[in-house]
Amino acid sequence: MSATDSAPSATRITREQLAARIAQDIPEGSYVNLGIGAPTLVADYLPQDQEIILHTENGMLGMGPSPATGAVDPDLINAGKQPVTALPGSAYFHHADSFGMMRGGHLDVCVLGAFQVSQAGDLANWSTGAPGAIPAVGGAMDLAIGAKNVYVMTDLLTKTGESKLVEACTYPLTGVSCVTRVYTDHAVFDVTPEGFAVREAFGDNTIELLAELTGLELKPAETPGIPEEN
Amino acid sequence: MSATDSAPSATRITREQLAARIAQDIPEGSYVNLGIGAPTLVADYLPQDQEIILHTENGMLGMGPSPATGAVDPDLINAGKQPVTALPGSAYFHHADSFGMMRGGHLDVCVLGAFQVSQAGDLANWSTGAPGAIPAVGGAMDLAIGAKNVYVMTDLLTKTGESKLVEACTYPLTGVSCVTRVYTDHAVFDVTPEGFAVREAFGDNTIELLAELTGLELKPAETPGIPEEN
Amino acid sequence: MIDKTVGSVAEAVAGIRDGATIMIGGFGRAGQPVELIDALIAQGATDLTIINNNAGNGDVGLAALLAKKRVRKILCSFPRQHDSWVFDGLYRAGEIELELVPQGNLAERIRAAGAGIGAFFSPTGVGTQLAEGKELREIDGRTYALEYPIKADVALVGAYRADRWGNLVYRETARNFGPIMAAAATTTIVQVDEIVPLGALDPESVVTPGIFVDRVVAVGERGWLSDGAFAGGVDIEGRPLVRAGSPAEGNEVDQ
Amino acid sequence: MIDKTVGSVAEAVAGIRDGATIMIGGFGRAGQPVELIDALIAQGATDLTIINNNAGNGDVGLAALLAKKRVRKILCSFPRQHDSWVFDGLYRAGEIELELVPQGNLAERIRAAGAGIGAFFSPTGVGTQLAEGKELREIDGRTYALEYPIKADVALVGAYRADRWGNLVYRETARNFGPIMAAAATTTIVQVDEIVPLGALDPESVVTPGIFVDRVVAVGERGWLSDGAFAGGVDIEGRPLVRAGSPAEGNEVDQ
């Protein structure tokens with residue numbers, strides 16, 4: 001692998017494109033929790049002609065899109081405390097039931113943001129450990145260990161150019177060995193027993209380029225492009 | 001204590017009188033579980049002008065009396081699998097919630113039958129330990145340890161004249177140190193740290209007589225006749 | 001479109017394997033999914049482990065499954081009842097294994113399986129035969145025994161109404177073990193009186209969200225309802241009251 | 001006659017002691033019993049330990065209680081929000097103690113207190129800072145941490161409707177912590193929009209049975225309903241939409 005100034009030559013897709021890419025991998029009939037922040041974008045790209053049931057951990061299945069101004073219902077919010085709607089077929093339940101649903105492995109997919117993901121699938125997304133910062137974890141740790149497939153949605157690199165895919169997380173962990181797949185603006189990576197495997201490299205990105213950007217040894221995924229069974 | 005043929009001289013109240021006596025000690029507003037068998041009789045003696053809410057462990061609060069023939073609803077039964085009715089204000093819930101309610105100490109009173117009660121408040125009411133018998137426990141162990149006040153309703157003596165109040169149970173236990181009070185056909189006994197105390201002796205029964213019948217040292221209850229706070 | 005409904009009870013129980021662990025809802029007859037059990041009998045799976053509160057009543061439902069000698073082991077709280085003659089006979093003949101669990105521990109262990117709890121400390125049964133050999137611990141002055149989750153390959157549940165997403169409501173005390181068993185099994189199969197259109201169930205009142213349900217089959221209205229309203233006219237076992245003076249239900253002590 | 005209703009929020013919160021541990025329902029503003037919190041502020045109890053998912057929003061409700069310096073410690077999952085300036089200031093000044101608990105462990109620990117569970121093994125948080133020092137155990141190939149119940153002297157719950165027995169129904173996602181907190185406190189105090197006659201709540205749909213409730217007070221219909229029907233016309237904080245172009249709600253990432 002030759003050392004080049006790779007940044008200019010790397011293909012990066014937009015956050016919206018990434019959300020659409022993740023949506024492609026979610027089969028009809030899935031029960032899905034979209035974490036707060038960027039992952040909520042995925043909802044906009046789920047196919048309109050398919051039924052995918054969204055869970056929000058504050059106590060609802062069958063969450064629908066945002067209401068119009070004037071039709072906001074302060075009793076009907078998602079985990080990000082934004083107003084949502086209820087689809088026909090929805091159901092409400094209390095917090096212990098909602099987190100039991102997650103912890104018990106009943107969700108097919110959750111999509112989370114990340115500060116770092118290690119090649120063992122460890123996730124760090126709740127605290128940078130900065131001194132003086134006020135810690136807050138919410139449901140992140142429950143989601144990380146709960147869903148059958150834990151997908152991370154993130155830029156590959158931080159604003160200062162460091163890889164978010166790492167050998168071992170340096171930030172405080174959210175969960176151990178919990179991430180299934182990482183969707184980044186450069187490529188899609190599977191977490192395998194042998195570390196990250198490139199499922200799909202966007203544009204002209206190559207495994208070599210991604211290896212250089214991440215500083216990790218990478219290999220191609222064994223069955224690229226074929227979503228795993230939920 | 002002189003040794004006499006005590007049986008002829010002992011006063012015994014009927015099962016119905018005993019049920020009425022227990023009903024007297026249940027204040028308005030109590031949440032009460034009446035065990036299967038004789039304890040269900042207590043319901044007939046709860047004052048009509050007071051509201052006492054009956055729990056049945058198969059998943060209901062606000063249980064009402066038996067329905068008329070022709071109005072039996074096989075979906076609406078009590079723990080003894082007998083048809084019941086639902087009062088205005090009733091609520092249904094699943095088994096884990098129902099037993100959580102018991103285990104969590106939310107019931108004020110439960111009334112149970114007994115084979116034996118020890119002076120430490122141990123209860124034996126689910127198995128005689130007879131070889132070849134098919135064991136069955138149901139909710140007895142959960143009730144025994146769950147309610148704030150565990151009342152036992154029983155004859156003082158077995159059909160063959162042995163005391164059901166004992167120094168230590170010889171039958172398999174249902175619960176340890178769980179019984180609050182024992183209502184028998186001869187007298188009402190409190191379970192105290194110093195053993196059984198006679199709260200009320202029926203008719204001409206004396207502590208001496210009861211001591212002789214049970215073979216136990218007995219003392220008067222410190223505040224006879226005054227129900228404990230629930 | 002998600003559609004968990006299937007057209008027949010045979011389809012509903014298709015694929016259940018020999019040796020499977022099967023939860024069966026119901027407390028006595030209330031909520032017992034009799035039509036699904038009948039379909040399981042016809043389907044033929046054998047060497048089963050059954051989890052139920054009881055061990056069958058009369059000659060129908062679970063009792064009929066037992067009578068066919070298709071059950072290796074039963075895990076329940078109250079096998080012995082006035083009408084549990086099928087189980088009683090098998091047990092005395094040594095033809096069925098019994099694991100007895102206090103009812104509340106049974107319910108909580110099933111709930112734990114659905115809720116992803118590894119184990120929990122319960123006060124129920126401590127100091128009795130049924131906690132023998134269990135790990136004990138004193139917490140805040142009280143002694144508890146460690147209890148593990150009970151999960152299953154399949155749950156057969158009797159509910160009242162469902163929609164095509166598998167959302168369920170129950171009827172009265174027939175709710176009993178349904179909601180917790182639905183969450184504790186790999187494949188949850190439900191019989192209901194009626195499938196209603198999506199959106200017809202009030203989301204505030206759904207008891208089992210469809211996430212816990214795999215297949216739903218409608219078996220027709222229970223005999224004591226008429227167009228959803230209680231009509232009565234049956235005995236406690238659901239048999240029509242055809243004549244005055246028909247024999248009354250036994251009042252032996254069951255639980 | 002059982003009548004758990006009281007005539008005023010002042011009566012509802014009477015007797016809460018200094019030093020009490022108080023659960024407060026709500027996830028953010030949804031389900032937060034603001035009128036009861038205001039009454040608690042007026043009542044004067046101090047040196048409180050508060051259990052809530054968050055640590056107050058804006059300047060009302062829990063945030064107002066914090067601003068009065070009546071809270072010694074808060075146990076929650078997500079204190080830091082875009083509008084948690086009251087808590088943030090106290091925390092940075094060292095004037096409030098924080099115990100951070102993952103949301104699902106918070107919920108399950110509260111549920112355990114109400115359900116009489118001594119402790120339970122949870123997979124959440126294992127291997128993270130928030131499980132440091134906890135007892136770990138491998139069960140069936142997975143590692144769990146031992147978690148203990150969280151109980152309280154008082155729970156303040158915001159529900160939707162109640163009857164005089166204290167049976168409760170909630171509204172949409174405002175249900176959140178209400179049912180489990182109601183069961184986990186010695187004294188449970190509930191505010192509702194409306195008290196309805198006994199028997200008016202469908203027993204199939206009661207979410208919190210009255211056994212868990214001690215006092216209920218009606219505080220009037222929430223501003224976005226009209227005679228029980230959704231009318232809208234408010235922003236996410238429940239403030240009337242008086243003019244077009246009023247500042248939109250921040251969309252910072254909270255949880």
Side-chain angles (χ1 to χ4, degrees), chain C residues 31 102 104-105 107-126 131 134-151 159-161 167-176 178-180 201-209 228 230, chain D residues 31 102 104-105 107-126 131 134-151 159-161 167-176 178-180 201-209 228 230:
Chain C
N105 283 351
E108 189 70 12
R109 290 173 64 188
I110 293 169
R111 190 245 172 213
I117 299 298
F120 61 93
F121 283 104
S122 169
T124 299
V126 169
K134 300 197 184 226
E135 176 178 338
L136 300 179
R137 183 172 304 199
E138 193 176 315
I139 299 168
D140 250 349
R142 188 168 202 188
T143 308
Y144 296 83
L146 190 62
E147 300 285 347
Y148 292 90
I150 299 172
K151 56 180 193 284
Y160 177 43
R161 283 180 170 144
N167 290 306
L168 305 181
V169 294
Y170 298 82
R171 189 164 181 277
E172 301 169 342
T173 57
R175 185 184 301 195
N176 58 65
I180 52 175
L201 300 176
D202 179 357
E204 303 284 1
S205 308
V206 168
V207 174
T208 295
F230 176 66
Chain D
N105 283 350
E108 188 68 13
R109 290 174 63 188
I110 293 169
R111 191 244 171 214
I117 299 299
F120 62 91
F121 284 104
S122 169
T124 301
V126 168
K134 299 194 188 232
E135 177 178 337
L136 299 179
R137 182 171 304 197
E138 195 177 314
I139 300 168
D140 249 348
R142 187 168 203 189
T143 307
Y144 296 83
L146 190 62
E147 299 285 347
Y148 291 92
I150 299 172
K151 56 179 193 283
Y160 176 43
R161 282 180 170 145
N167 291 307
L168 305 180
V169 295
Y170 298 82
R171 190 165 180 276
E172 299 169 344
T173 58
R175 185 183 302 195
N176 56 65
I180 51 175
L201 300 177
D202 180 358
E204 302 285 359
S205 308
V206 167
V207 174
T208 295
F230 177 66

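Keep in mind that what you see is a predicted model, and the values were worked out from it rather than measured. In what follows, chains are A, B, ... by sequence order, proteins preceding strands, each numbered from 1.
- Per-residue counts of heavy-atom pairs under 4.5 Å with chain D were compared for C:Glu172, C:Arg137, C:Glu204; the largest is that of C:Glu204.
- Scanning all heavy atoms of the two residues, the minimum distance from D:Ile139 to C:Ala119 falls at CD1-CB, 3.9 Å.
- Considering all non-hydrogen atoms of both residues, C:Pro123 and D:Gly116 come closest at CD-O, 3.4 Å.
- For chain C, the nearby part of D:Tyr170 is the backbone; its heavy atoms alone come within less than 4.5 Å.
- Residues satisfying the salt bridge (charged side-chain N to carboxylate O under 4.0 Å, His left out) test with D:Arg109, not counting sequence neighbours, are D:Glu147.
- Of all heavy-atom pairs spanning D:Ile117 and C:Tyr144, the tightest one is C-CE2, 4.3 Å.
- In this structure, no portion of C:Asp202 lies under 4.5 Å from any heavy atom of chain D.
- Within the 4.5 angstrom heavy-atom criterion, only side-chain atoms of C:Arg175, from C-beta onward, approach chain D.
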